[in-house]
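Inspection log for the structure reproduced underneath, given as structure tokens.
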There are 2 protein chains.
Amino acid sequence: MVSEAPDWQLYRAFRAVMREGSLSAAARALRLTQPTLGRQIAALERQIGAVLFTRSPQGLAPTPAAETLLPHAEAMAAAAEAFQRAASGAADASKGTVRITASEIVSAEVLPPILAAFQDSHRGIAIELAPSNRIEDLLRRDADIAVRMTRPAQEALLARRIGAVPIGMYARRDYLARRGTPRSLADLAGHAIIGFDRDDSSWRGIEVARFRVSRESFAFRSDGDLVQLAALRAGLGIGGCQTAIAGRDPDLVPVLADEIRFELEMWLAMHEDQRADARLRLAFDHLAAGLARYVAAGAEARQARPARKGPVS
Amino acid sequence: MVSEAPDWQLYRAFRAVMREGSLSAAARALRLTQPTLGRQIAALERQIGAVLFTRSPQGLAPTPAAETLLPHAEAMAAAAEAFQRAASGAADASKGTVRITASEIVSAEVLPPILAAFQDSHRGIAIELAPSNRIEDLLRRDADIAVRMTRPAQEALLARRIGAVPIGMYARRDYLARRGTPRSLADLAGHAIIGFDRDDSSWRGIEVARFRVSRESFAFRSDGDLVQLAALRAGLGIGGCQTAIAGRDPDLVPVLADEIRFELEMWLAMHEDQRADARLRLAFDHLAAGLARYVAAGAEARQARPARKGPVS
DNA sequence: CAGCCGTCATACATATATGTATGGTAAGCG
DNA sequence: CGCTTACCATACATATATGTATGACGGCTG
């Protein structure tokens with residue numbers, strides 16, 4: 001249990017050198033000098049009894065041992081940044097920074113108005129929004145709060161279920177005018193479908209199997225969710241979209257709304273051990289309320305969807 | 001992106017003071033001196049612009065702000081320890097330390113022989129075994145490898161399914177001789193059942209609802225899984241047990257084996273970003289093989305279970 | 001091929017952090 | 001109530017780490 005004081009400063013030096021690739025660059029990044037970094041790396045190598053870098057005039061090349069250690073240094077750095085973030089408002093909950101992560105779609109289409117309202121009522125709190133589909137960044141404390149479309153299965157997380165977000169297929173009005181409106185699943189065969197490229201993670205958890213959806217069946221492929229949405233809005237083809245988002249655009253028309261409909265659960269999560277943080281709590285509750293309204297709007301959009309023959313507009 | 005070098009050393013000092021409760025004690029723990037710790041804490045307070053402790057002759061009492069920051073410091077410490085662990089064998093994969101976490105039962109009843117074999121073939125590798133039912137400790141890098149009885153739902157983890165571990169109800173032979181052998185679920189009413197006290201986490205994921213199992217229905221209650229097992233072996237009553245473990249004890253007799261039977265999935269998990277670590281890989285594969293044999297043995301024990309009227313033995 | 005730029009290593013001066021010693025205060029105990 | 005003990009704060013000496021300056025090596029480019 002007694003840790004023999006291995007100088008955390010050395011870990012920071014190690015990470016900087018790994019990231020920057022040379023002592024000099026690392027020194028610049030840490031606002032130190034090259035000899036200092038050189039000594040710190042030497043000290044670390046002496047302490048663990050292994051060579052971490054092969055020196056060269058081009059910089060320091062990491063050995064396999066260094067590659068093994070990097071993840072831990074990164075984890076420390078993530079925690080250190082989280083510490084700073086939390087400390088920024090430790091004195092006063094009405095000041096500081098909150099870092100949020102969410103999917104690209106949610107980050108771009110759903111959160112901005114919600115965060116604007118929060119910003120307005122809490123001028124002192126700065127907001128960072130990191131669009132990402134990876135879940136790990138919350139666990140690694142890359143973010144304080146996460147909006148996710150799957151249930152967080154981690155017990156270390158404080159998770160709140162927001163609701164079910166309905167998804168449907170849509171197309172732009174003029175696309176349907178040109179190519180015709182599909183009346184059945186079979187009709188889709190001749191249409192341009194917008195889908196994923198290599199990364200099907202967004203489509204997991206959805207029973208798309210019965211629609212025999214595979215990479216090859218897409219006429220337009222992209223792993224960028226926002227790119228897919230832009231393609232849909234540009235009339236490039238038929239694609240999936242959250243009903244609440246599609247409902248805002250009068251030119252987007254539901255396609256096969258009765259045949260193809262599914263939902264994604266929306267969850268809000270933060271670290272359990274940050275429950276006591278007043279600032280985070282504030283942001284968490286505001287997000288929960290705002291997202292709940294969004295989900296409710298989506299359910300309405302679904303309910304009040306236009307007849308399949310055309311939009312109400 | 002440019003972090004303005006907030007001296008990781010201060011975080012270590014902060015954590016030590018939080019844990020030890022005084023500058024002096026923290027100084028002892030870190031092999032530093034009291035004035036040094038005092039200055040470091042002062043520097044940290046100055047940097048974040050908040051008071052972290054209220055000084056007193058009895059020690060330092062943390063303010064709410066300090067409580068808020070502690071989890072982050074703990075996360076850093078966990079990563080630092082993981083760094084040390086990984087570094088211990090960075091030079092040579094045949095040396096170093098591997099830290100494993102598993103449930104109490106698995107730690108005490110299943111792993112020892114498997115780890116003994118590993119120890120025998122890899123003398124240089126020290127093994128730490130942390131019995132715990134919490135899953136978070138792997139995420140926080142409190143351990144390198146985890147054996148869990150639920151599917152790890154985290155994408156940041158490299159998980160391998162070992163197999164299904166059959167569970168059944170058992171009782172000691174002489175208990176049944178005294179109290180009679182239940183022939184139906186209804187018969188259980190008059191029996192002494194061994195179960196949990198306050199923490200029902202071990203029972204989650206099991207459809208016990210139809211057995212109307214609740215805290216009050218237990219005659220012997222304990223949250224210690226090993227205590228429950230000891231009670232079962234002592235003939236205190238009827239309790240659940242992995243078939244492979246019960247099968248070793250000729251005095252333990254299955255109870256209502258046809259009516260009550262369920263399984264738990266056994267999983268092995270480690271961090272994805274430690275995949276490259278040769279030493280961990282070695283331990284991981286050895287554990288996977290050893291546990292697979294254990295699971296296979298359990299399936300056999302289930303299949304070759306004695307008739308309900310009595311044991312084969 | 002010469003000049004330029006980047007890199008790391010070394011030597012020396014300096015600034016910084018740490019350790020030692022001491023004094024003051026509050027709590028526990030016989 | 002006085003003794004002991006543990007705690008923190010301060011002043012001073014020391015050790016340590018850092019910065020500055022310089023040299024050597026290798027790649028790039030005209």
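This one's a predicted model, so the numbers in the text were calculated from it and none came from an experiment.
Taken over five-pair windows at either terminus, the axes of the helix from C:dC1-D:dG30 to C:dG30-D:dC1 are inclined to one another by 30° (rounded to 10 degrees).
Checking A:Gln58 against A:Arg39, the closest nucleotide of DNA chain C that is more toward the 5' end is the one next to A:Gln58. Taking the nucleotide of DNA chain D with the nearest heavy atom to each of A:Gln9 and A:Gln34, the more 5' of the two is matched to A:Gln9.
Contact check, A:Arg28 against C:dG6: no side-chain N or O comes under 4.0 Å of OP1 or OP2. At the phosphate of C:dC8, OP1 or OP2 sits under 4.0 Å from a side-chain N or O atom of A:Ser24.
Proximity of a side-chain donor or acceptor of B:Gln274 to a complementary backbone N or O of B:Leu280 within less than 3.5 Å is not detected. Remark: the backbone N or O of B:Gly195 is paired with a side-chain donor or acceptor of B:Gln228 at under 3.5 angstrom. With B:Arg279 contributing its side chain and B:Thr97 its backbone, the two residues share a donor-acceptor pair below 3.5 Å. Remark: side-chain polar atoms of B:Arg99 are not paired, donor with acceptor, to backbone N or O of B:Leu129 under 3.5 angstrom.
Atom CD1 of residue A:Ile105 and atom CD of residue A:Glu109 lie 6.0 Å apart, to the nearest 0.5 angstrom. Distance check, rounded to the nearest 0.5 Å: CG of B:Leu70 to CZ of B:Arg15 gives 8.5 Å. Separation of atoms CZ (B:Arg275) and CG (B:Leu158) is listed at 6.0 Å; rounding is to 0.5 Å.
In summary, the side chains of B:His72 and A:Glu81 do not present any donor paired with an acceptor at a separation below 3.5 Å, with no hydrogens or angles considered. With 3.5 Å as the limit, one finds no donor-acceptor pair spanning the side chains of B:Tyr11 and B:Gln40.
Of the residues in residues 59-69 of chain A, those with a non-hydrogen atom less than 4.0 angstrom from any atom of DNA chain C are A:Gly59, A:Leu60.
Look at B:Arg123 and B:Asp120 and you find a salt bridge, because one of the NZ, NE, NH1 or NH2 atoms lies within 4.0 Å of a carboxylate O, short of that distance.
Between A:Leu23 atom CG and C:dT10 atom P there is a gap of 12 Å when expressed in whole angstrom units.
Heavy-atom contacts of chain B under 4.0 Å fall on DNA chain D between two terminal nucleotides, which in 5' to 3' order are D:dC7 to D:dT10.
Taking the side chain as every heavy atom from C-beta outward, B:Leu30 and B:Thr36 never approach each other to under 4.5 Å.
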